[in-house]
Amino acid sequence: MSLRYAHSEGHTDICYSEDSNYIITCGSEGDVRIWAGVEDADQKDVCVGDKAWSVFQKGINLYVGTDTNIIQAYTFPDLEPDGIITRFTSPATQIDIAPDGSKLAASSSDMNVHVVDLNSMECKKLTGHRAPVLSVSLDPKLEFVASSSCDGTVRIWALSSGDVVKQWEVVPKSNAFETSSVLCRLHFDLEGRNVAIPIGETVKLYRRETWVHAMTLSSSGNNVINIVKFSPCGKFIAGGSTCGKVFIWSLITSNIIEEDNSSRQAICGIAWCASKSIVFVNANGQLGSLQLSNFQENDIEKEEIDPGNIPLGEPELVDDDDDDNVISLGKIKAETGFGENGEILRSVSPVDEVDERSSVVESVIRSKVNITEPQGAFQPSSTPVHLQQRYMVWNNVGIIRQFNMEDMNDIDIEFHDTSLHHGVRMNNLLGHTIATLTEKLAVFGSPKTEDGPSKLVCILLKAWDGQKEWDCSFGEEEIVLISAGDGWVAVATDISTLHLFSADGTQTDLVSLPGRPVSIAGHKEHLCVITNCGIGLHGDQSLFFIEFKIDPLRRLLKSTSPKPLPLSCGSSLRWIGYTDEGSLVTVDYVGVLRILYKSVWRPVCNLDKQCKSEYDHFFVIGLSELSQNVRCILCKGTYYPPVTPKPLVAEIKWKIPMCELDSDKSQLEEDLLRTVITIPNLPSDQNEEKRKIEKNISVVIMKLFALACRSGLDSRAISLCETMPSIEVVKLAAKYAAKLGKHHLAEKVTDIANKMSKVSFIPEIPEENSDTENATEPENDNYSQDMFGDNEAKENLILKLKKKKEQMSPKPLRIRRNENPFKKAKEEVKVASDGNTSVAEPKMNFLDWYDNNRSRLQEDHPLLKEGELAMAGMKLYKQEKTIKTTLNQSVEDIDKNDIPPPEPELSKKRKISPENSNVSNKKLNVSSKLKSFSFSKR
């Protein structure tokens, strides 16, 4: 069955009243509540303190252990104070009372167990545990007391002497009751013949007095048993696990006859109702029940369990217990639907037979193979639905809170930036349970109920036409997940269908998902859906992710093929979202944060390891790749933050889980990797930040190089030089190696610098003109007078006329300058770093560059108009010009270091310059030809 809210999140205890008419619970908020049934909506409650740890009802009194370190008695059912039974120095963790109501046993975090005679009020203290006591159970025959403790032991005490008669080391050790991984709630049966102890994934029964192991009951799968409870008839035993599963075993067959998986949190309380059903509570404060489907009261009244052999009991109509081939007629009749006297117990149909066979096969498979339950759907950045005050969403835009109380059923919207929109508060008349928020939209979804279908409501925050909201009903489908982005809304339903709406409410696309949706996230035009795909084994989930891209014009979905989602072993998905820069991020329940970079998932942080306590967790809100941090909320002892008071948002720095992070080398390597993987994803407008990050990369690599040099690892130093981002850093590394006296290493680093200069210099040199006379003029002329030429059909007339005007304008000639014919001619060539000569690169203005690259720009931007295309070209022209300028500057720096020594001074003689120089392949202009015959002045 589905669970219901009973108390606030935290440790909760439960018991039945002695007449089984009422359910009594207590919780971490300090309330004790009396329920007429699980579905009771008008329960009676009383506040007994800040916290109520344990509860037990017997006779006319109700006994409660509170945070004031006492066992308080109340009248029942009036709940009036009726005295203090005993006092501890720490809170009482559990209460148990003998069947005859004469004695009360209580355990406490002060490491003591008190046994109180309720008639004389005499108290006997049992001391010996070295850590807080987790649970206590009183022998119905009042001879022994069993207790379990955080010190790792389970002890059997002799009540008369107070000595320990038996001890087992079976409990995981811990420091406190609140931080213990298990409660180890043990229990004596009603007749006092056996004691049941939860040990790991099993329940072990021990015979009283001899304390010999009698029976082992196993759970299905990886389920650590937290609590056990015998039924009043003694034929069944119920248990709850730390992962939220509830089991009922038959002590006759030792098999599981009932199982419930509705709870996802640890079971911390179980109570029987006359051997017909059980009620239980979990660590989330939820209340549930489990009914015995094949329960027959007459069978329990007729059958008696052998006191000397409870594990096996007396099978029906079987004379020889040792014969495994004996056929039980009673069992055959029960399985075929007939009673002992031939009466029909139930109708048998072929469909029922198929269902029974499938359930048998499923139980066999689950007993042999550890199958993991598929993860259910959850909305990221939200808290559980059963809470009275919860967050429907908390993201980078704002917060949506839901208040679901008796006198209040409202939704409150708060924006981080009040200039974006003012806060909104509205009534939750439709019962919305999920929501998402963007700068322009607030979207809500309600589940399907008996009164109506599931409904989607979208509130427009910035609508120019005055329209404020629109809605859509989903008929037979039920909304389970919603997301929104730039002008779109996506809805995933329970039939594995994804609906896409435009921001104004138009249905634009419909997609079938490959499995049941688990979670969803959106950012701008990107959408990601997580689905179940297959059966998980050994505690692992089988999840896949699909990335969609919304076409901004047609509003259609373009998706990639489903890909496996990496998770930690035995974990499930905890959060999914996008960074501020648009990268996909996931967090699992182990706390590992992963980011998707170019189809590769990289773990960049373990959030839970940055908490001081292993029971504290971070509630993720958003991430930034630019600042490399996580915006989150610290949750003490839980996964979810409280609504009131409003918690503070903290920023956690990324810390990639690399090996040996305590060493300086690993810390530098982590810093380098974290920076290298994030810089390609930064937006193009963050040039200043990119320069800072690139500078940081150079600094970190240089530190690693210095560390390798000082450690004598020259090979590692050379490999680091090959990864350095610029020649300047390599030259600096060479100087550092020479300073340390590693001349051989400095030579190798210098060789790397020379190779980098050649590789970076040569490809950037454009093709030289065939005639140096045109070096100061445009290199090409795309305009042709030939009518059959390969000209574009549509040419910008303004640019054409402007270009023609420039061609017709007179240009100054060098001959007009009154130069000294005997003056030394200026060099028209420049020497490259490798000794080769090349003609100076001609300067090209934007109009010429635009004519040469116009066709390429039109291919890259087919949707731009002529004016917009020219603006895009201007931006690209400036970028290329900046790159070439930077390259030339770096080359000049290298040239300065490689300038040959000057030639010795010659006598002043008439000297004719050689006609065949290194630029013999280039034609000289008129001025150069005249200067070649002039005197060279030395």
Side-chain angles (χ1 to χ4, degrees), residues 264 372-385 390-396 400 432-438 443-445 447 454 456 477-485 488-500 511-524 526-534 536 540-550 557 559-560 562-568 571-579 582-596 601 607 617-623 630 632 639-640:
R264 296 291 181 182
T372 306
E373 290 292 331
Q375 185 173 1
F378 72 94
Q379 191 74 16
S381 299
S382 65
T383 54
V385 179
R390 58 181 292 260
Y391 294 105
M392 302 181 76
V393 65
W394 187 331
N395 56 20
N396 298 330
I400 300 181
H432 298 304
T433 57
I434 55 178
T436 187
L437 183 64
T438 67
V443 189
F444 300 90
S454 183
L456 178 73
E477 301 180 55
E478 183 175 6
I479 300 174
V480 293
L481 299 171
I482 57 175
S483 183
W488 57 267
V489 176
V491 179
T493 62
D494 59 342
I495 61 172
S496 302
T497 303
L498 183 66
H499 297 260
L500 186 66
V511 177
S512 292
L513 299 175
R516 293 182 179 179
V518 175
S519 192
I520 193 171
H523 176 76
K524 294 183 178 180
H526 297 283
L527 173 67
C528 181
V529 181
I530 309 296
T531 64
N532 281 303
C533 191
D540 296 334
Q541 293 289 336
S542 179
L543 301 181
F544 277 61
F545 73 97
I546 312 171
E547 280 196 287
F548 296 91
K549 188 173 183 180
I550 291 88
L557 293 168
S559 68
T560 59
K563 299 178 183 178
L565 182 70
L567 295 171
S568 301
S571 180
S572 56
L573 185 63
R574 178 162 141 196
W575 184 83
I576 180 174
Y578 282 90
T579 64
S583 298
L584 186 62
V585 186
T586 63
V587 181
D588 58 27
Y589 271 94
V590 177
V592 179
L593 186 147
R594 298 176 176 87
I595 301 183
L596 182 63
W601 287 95
L607 297 176
H617 307 281
F618 283 107
F619 183 80
V620 181
I621 295 174
L623 289 91
V630 185
C632 51
Y639 287 97
Y640 308 107

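Note that these values count all heavy atoms, side chains included, but never hydrogens, waters or copies made by symmetry. Bear in mind the structure is a predicted one, so any value in this text is a computation, not a measurement.
- Taking CD1 of Ile479 as the reference point, atom NE2 of His499 lies at 8.5 Å (rounded to 0.5 Å).
- Remark: side-chain polar atoms of Ser496 are paired, donor with acceptor, to backbone N or O of Gly515 under 3.5 angstrom.
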Query raised in the report: Please walk me through it: do Trp488 and Phe548 pass ring-ring contact (aromatic ring centres under 6.0 Å, His included)?
Result: CA-CA 12 Å; Trp488 57 267; Phe548 296 91; 9.8 Å; no
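- Using a distance-only test at 3.5 Å, with no hydrogens or angles considered, no donor-acceptor pair links the side chain of Asn395 to the main chain of Ser381.
- No donor-acceptor pair closer than 3.5 Å links the side chain of Asp494 to the backbone N or O of Val480.
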Requested in this report: Step by step, work out the side-chain contact (heavy atoms from CB on, under 4.5 Å) result for Ile576 and Leu584.
Outcome: CA-CA 8 Å; Ile576 180 174; Leu584 186 62; 4.1 Å; yes
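- In this structure a side-chain-to-backbone donor-acceptor pair under 3.5 Å is missing from Arg594 to Leu565.
- When each of Thr436, Ile482, Leu527 is paired with Ile520, the side chain to side chain contact (heavy atoms under 4.5 Å, CB included) condition holds for Leu527 and for no other.
- A 4.5 Å side-chain heavy-atom check between Ile434 and Leu481 finds every atom pair outside the cut-off.
- In terms of the ring pair (Phe, Tyr, Trp, His ring centres under 6.0 Å) criterion, residue partners of Tyr589 (sequence neighbours excluded) are, by chain and number, Tyr639.
- Between Leu557 and Ile550, some side-chain heavy-atom pair lies under the 4.5 Å cut-off.
- Of the options Thr586, Asp588, Val630, a side chain to side chain contact (heavy atoms under 4.5 Å, CB included) to Leu593 is made by Val630 and by none of the others.
- Contact check for Phe378 versus Val518: side-chain heavy atoms found under the 4.5 Å cut-off.
- Summarising the geometry, atom OG belonging to Ser454 is positioned 9.0 Å from atom CD belonging to Glu477; distances are rounded to the nearest 0.5 Å.
- A donor-acceptor pair under 3.5 Å is absent between the side-chain atoms of Arg516 and the main chain of Asn532, judged by distance alone.
- Checking side-chain atoms of Arg574 against main-chain N and O of Val587 turns up no donor-acceptor pair under 3.5 Å.
- For the pair Gln375 (side chain) and Gln541 (backbone), a donor-acceptor distance under 3.5 Å is absent.
- What you find for Pro514 and Pro562 is that their closest heavy atoms are CG-CG, 3.9 Å.
- Between the CE atom in Met392 and the CD atom in Gln379 there is a gap of 9.0 Å [rounded to 0.5 Å].
- Here the closest non-hydrogen pair linking Pro447 and Thr433 is CD-OG1, 3.6 Å.
- When every heavy atom of Ala521 is checked against every heavy atom of Ser483, the shortest pair comes out as C-OG, 3.5 Å.
- No donor-acceptor distance shorter than 3.5 angstrom exists from the side chain of Thr383 to the backbone of Tyr640, with no hydrogens or angles considered.
- Ring geometry, Trp601 versus Phe545: the interplanar angle exceeds 60°, so the pair is classed perpendicular (tilted spans 30 to 60°).
- Atom NE2 of His523 and atom OG1 of Thr579 lie 6.5 Å apart (nearest 0.5 Å).
- Here the CD1-OG1 distance, from Ile546 to Thr531, works out to 5.0 Å after rounding to the nearest 0.5 Å.
- Annotation: the span from Trp575 atom CH2 to Cys632 atom SG amounts to 10.5 Å, rounded to 0.5 Å.
- In terms of heavy-atom proximity, Tyr578 sits nearest to Cys528 at OH-CB, 3.5 Å.
- Looking at every heavy atom in both residues, Arg264 comes nearest to Gly376 through NH2-N, 4.4 Å.
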Query raised in the report: Can you check side-chain contact (heavy atoms from CB on, under 4.5 Å) on Ser559 and Val511, steps first, answer last?
Result: CA-CA 10 Å; Ser559 68; Val511 177; over 6 Å; no
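- For the residue pair Ser382 and Arg390, the shortest heavy atom distance occurs at CB-NH2, 4.2 Å.
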